[in-house]
Structures are given as C-alpha cells and as structure tokens.
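Working notes, structure below.
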Amino acid sequence: MRRISAALTLSIATLGSGFLLGACEGGGGTNPTASGLKIGSLLPTTGDLASIGQQMAPSVPLLVETVNACGGVNGQPVTLVAVDDQTDPKAGAAGMAKLASVDKVAGVVGSFASSVSTAAVSIAAQNQVMLISPGSTSPVFTEKAQKGDFKGFWARTVPPDSYQGPALAQLATKKGFKRVSTVVINNDYGVGFEKAFVQAFEKLGGTVVNKKNPVRYDPKATTFETEATAAFGGKPDAVLGVFYVETGSLLLKSAYQQGLSKGVQVMLTDGMKSDEFPGQVGKGSDGKFIASGIIGTVPGSDGKALEAFKKLWKEKKGGSPGEFAPQSWDATALLVLAAQAAKENTGAGIAKHIREVADGPGTEVTDVCEGLKLLQKGQDINYQGASGNVDVDANGDVVGVYDVWTVGDDGKIKVIDKVTPK
C-alpha cells in the first residue's frame, strides 16, 4: 500500500484550500450557500493507526477534486480542511473543535479509531457538524444514537462490531476452535468488539477461557509480557486479538519471544490489517515471519461503485486503494450529496438529508457527479457506494460484508474468503 506522510496530507489539503478559498471569501450574509460547502477530515496520519490512516486519507481530497471538476456543490467549489487526529482522543477532540469553531465546516469525515470518534462526536453534535466515520466500529455508537445523544449528527460507512464480532465467531467455529481467549486494547473499540465476539461465540457453543478475567491493555503501553502470558497461557485453541497496529505488533512479538504462541492460532480484526504489521512483528530464528498463518476479518467492499473507484484511484494515484479507502470515499460522497439535497451548506441541512440520499426511493446512482446533477434538478437519488450500498439506518449504521484475510510465509496479506454475520 502507498503511504503518504502526515505533512504531505496536510499540504495537499492546504494547497487545495488555497485554490478554493476565493470561492469562500466575501460570501457572508445569511445565505447558507453563499460561502460554499466546507468540509473537514479527521483521520490518523500519525500514531498507532497511522499505517491504515495514511491509506484512507487520500480518498477525501480525491472525492473533493472529482466533485469540484464537475461543478461543485450548490453551484460552488467544495473546500477541504484536513486534520491529523494522531490516533489520540485528546488530539481528535482538539482537531474537531478547531474544525467546528475556527474552520466552521459543515461536515467531517472521521475518525477511524472509535475512541477518537467518541471524543469528537459530542463536539460535532454541539456545533451541528455532521460527522461520518469511515472506520469507527464500536457498538457503543449504536447504543448512544438510539438514546438520541448525537441528535442526528453521526453516521458511519463501516458496519459496527455488533456485526463483525459474530462474523469472526462464525469463522472461529468454522475453523473448529472450541476454546478461545481474548486480549484487547482497553478502549471503546477493543472492549466493544470483545463483548460482541464473546456473546456470539458462546451462542455457537464455544468457550471463552478468560471471560472472567479479560485481558485488556492500556493504549499507551509499550511492554506486553504480562498481557501476552495471560492471553496465551493455558494453550487455548486460538487467541482473539483486538489491537491497533503499533501496540498489537509489540504484543504478538512478545508472545513469540516468550514461546507462548507456538501451536496457538491467532485471530485478528480490522485494526491490524495493515501491510506493515507483519514486518513490525518481525521474523523468527528460522527466518520466517512470526505473523505467518494469522487470520482475521476486516470490513470488505462490494459496492456497485467499487470498480469505478479503483479505476479512478489507479489513474490519479497509481496502484490500488488501501484499507478503508472505499469507506472514506463514500463518507465524503454522502456529505456532498446531502448538502446538495438540502440546497444549503450547513451541518443541519446535511444531517437532515443523509438518509434521503443514502437509502432513498430515488434513482440509483454510483457516480457522485451524476447524483449531484439529479439533485440539482430536484430529483431523488439512492447513492450506491464503493464500500457497499451505504443504506444508513436511523442509528447511523450500515450493514456490510467482511473479508477474511491471512498472512503468508512471505509476510504478505491476502484475502482468502468472505463471511457475513447471520
């Protein structure tokens, strides 16, 4: 996967903003379309999830560039402000506050880490900024949305772990694992996934051997000998690890160095599917990658717009889009389409029309520019995304398919199957 630095990400966004700023200056007044649509991105280009965040981030300016080339939104160009959330809730909250109060954006694509989105979404809702996450999978968001905590200013283009947990439990059962232990990062993502997996695996007849003593590590931890011993001790059939790349790689390396992981299948999730993690875990004394044979799940992409998105990515950037790039593209697409449907460049307008463009009764469209043109004519649309149909429900959730991936002896990650939650 191609990587770009955080500085480059910000430079691209700043450069794009510079070209478009003229369209936003001097608008003023009370006309909600006078200043043009301004959106932000809040994604991790540094920190524990940098290797994945850097794969996602380019989708947002790519969508903005595409839309501006076909006339923009509400007759004016779209401006993008990119912020690096550093995979840190405090930095994410500060970034969201800046986007809302200083930059005065109407919508934001972000964040990836559930812990960061948790910190950001309350700020977004208070300021009537629509936040659409392309990667936060914690089931907690569903629960809070049901209570009305977000006032409609939250959605995501990735399914919650209330779906992925059962999908991974089905995979474990299919592989014949009966005794599984868990070790997770101690935040909304890790604990939420753990809960969903345990419930589903037990329903399928499995046993979670450390259910009464769950192993949860501090996101800021740097050593993991104790956690590795607790998770791998007793030789379970498999260990489920719900990690982020940097810390997860250290934990797996520690388990290997202590001789704990031999003969135990490791199962991972979307937070670890990065081309870099096998190299970060390292090689054993036999020269083989320690991560070889690991299996995992990740939200897949099977949308009607996927092939066109891949073609555009190859033309503009070369190669293939990385993990969560389709979800990031779709999140950005929903923001601009909803603003056009609302005929105003406000967060309140976007929030009101998100479901209308995502799962409406209108014409199915896979091309964002086509969707904008139909909306300009007053017609209804049903956007079909690159990641999936992105049929956003009342809680801001979507349902999706999951890819099953593994690490080969050469350290390369490949998708070997698909699984859907039942």
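Numbers here simply count residues along the sequence, with the first being 1. These figures come from a predicted structure and were not determined experimentally.
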Inset, instruction - Run the salt-bridge test on Lys220 and Asp88 with the 4.0 Å N-O cut-off and return the result as yes or no. - result: yes
Legend entry - Salt bridge flag under 4.0 Å for residues Glu227 and Arg216: no
Rounded to the nearest 0.5 Å, how far does [atom2] of [Y] lie from [atom1] of [X]?
X      : Y      : atom1 : atom2 : value
Lys418 : Asp403 : NZ    : CG    : 3.5 Å
Ser162 : Phe141 : OG    : CZ    : 12.0 Å
Cys369 : Leu374 : SG    : CG    : 11.5 Å
Arg156 : Leu131 : CZ    : CG    : 11.0 Å
Ser292 : Lys283 : OG    : NZ    : 11.5 Å
Gln76  : Ser35  : CD    : OG    : 7.0 Å

Inset, instruction - Could you walk me through whether Thr79 and Ile39 pass the side-chain contact (heavy atoms from CB on, under 4.5 Å) test, one step at a time? - result: CA-CA 6 Å; Thr79 305; Ile39 64 173; over 6 Å; no
Quick one, [X] and [Y] - any side-chain contact, counting heavy atoms below 4.5 Å?
X      : Y      : value
Leu252 : Met272 : yes
Val399 : Asp391 : no
Ile295 : Gln265 : yes
Pro160 : Thr137 : no
Phe224 : Thr222 : no
Gln384 : Val365 : no
Thr366 : Leu306 : no
Phe243 : Ile185 : no

Assess, by modelled atom type and distance only, whether the side chains of [X] and [Y] contain a donor and an acceptor separated by less than 3.5 Å.
X      : Y      : result
Thr142 : Asn395 : no
Thr297 : Gln164 : yes
Asn74  : Gln340 : yes
Ser181 : Asn210 : no
Thr247 : Tyr217 : yes

Specify the closest pair of heavy atoms between [X] and [Y], including all atoms of both residues, with the distance to one decimal.
X      : Y      : answer
Val109 : Ala331 : CG1-CB, 3.9 Å
Phe289 : Asp409 : CD1-O, 3.4 Å
Gly385 : Asp330 : CA-OD1, 3.3 Å
Phe309 : Ala325 : CZ-O, 3.8 Å
Val78  : Val64  : O-CG1, 3.6 Å
Ile381 : Gly371 : CG2-O, 4.0 Å

Inset, instruction - Look at the aromatic rings of Phe201 and Phe197 and report parallel, tilted or perpendicular, splitting at 30° and 60°. - result: parallel
Legend entry - Intermediate values then yes/no, side-chain contact (heavy atoms from CB on, under 4.5 Å), Phe112 and Ile52: CA-CA 9 Å; Phe112 181 52; Ile52 299 178; 3.8 Å; yes
Inset, instruction - Give the C-alpha distance, both sets of side-chain angles, the deciding distance and a yes or no for ring pair (Phe, Tyr, Trp, His ring centres under 6.0 Å) between Tyr189 and Tyr244. - result: CA-CA 10 Å; Tyr189 168 58; Tyr244 291 162; 5.6 Å; yes
Short question: side chain of [X], backbone of [Y] - any donor-acceptor pair under 3.5 Å?
X      : Y      : answer
Asp85  : Thr87  : yes
Gln55  : Ser51  : yes
Ser328 : Phe324 : yes
Lys104 : Ser101 : yes
Ser301 : Pro326 : no
Asn127 : Val129 : no
Asn382 : Gly360 : yes
Ser41  : Leu43  : no
Gln280 : Lys253 : no
Asp48  : Glu246 : yes

Legend entry - Evaluation steps, side-chain contact (heavy atoms from CB on, under 4.5 Å), between Lys211 and Glu202: CA-CA 11 Å; Lys211 179 181 177 181; Glu202 288 183 338; 3.2 Å; yes
Inset, instruction - For Lys98, look at atom NZ and say whether over 12 heavy atoms of other residues, nucleotides or ligands are found less than 6.0 Å away. - result: yes
Inset, instruction - Count the heavy atoms belonging to other residues, nucleotides or ligands that lie under 6.0 Å from NZ of Lys314, then report whether that count exceeds 12. - result: no
Inset, instruction - List the steps and the verdict of side chain to side chain donor-acceptor pair (under 3.5 Å) for Asp188 and Ser115. - result: CA-CA 6 Å; Asp188 287 347; Ser115 57; over 6 Å; no
Legend entry - Pair Ser136-Ser117, side chain to side chain donor-acceptor pair (under 3.5 Å): steps then yes or no: CA-CA 7 Å; Ser136 294; Ser117 288; 2.7 Å; yes
Inset, instruction - Determine, stepwise, if the pair Trp329 / Leu62 fulfils side-chain contact (heavy atoms from CB on, under 4.5 Å). - result: CA-CA 8 Å; Trp329 170 271; Leu62 183 60; 3.9 Å; yes
Inset, instruction - Could you walk me through whether Asp417 and Lys174 pass the salt bridge (Lys or Arg N to Asp or Glu O under 4.0 Å) test, one step at a time? - result: CA-CA 12 Å; Asp417 200 358; Lys174 181 180 177 181; 3.2 Å; yes
Inset, instruction - Only counting residues at least two apart or in another chain, list the ones meeting side-chain contact (heavy atoms from CB on, under 4.5 Å) with Lys414. - result: Thr406, Ile416
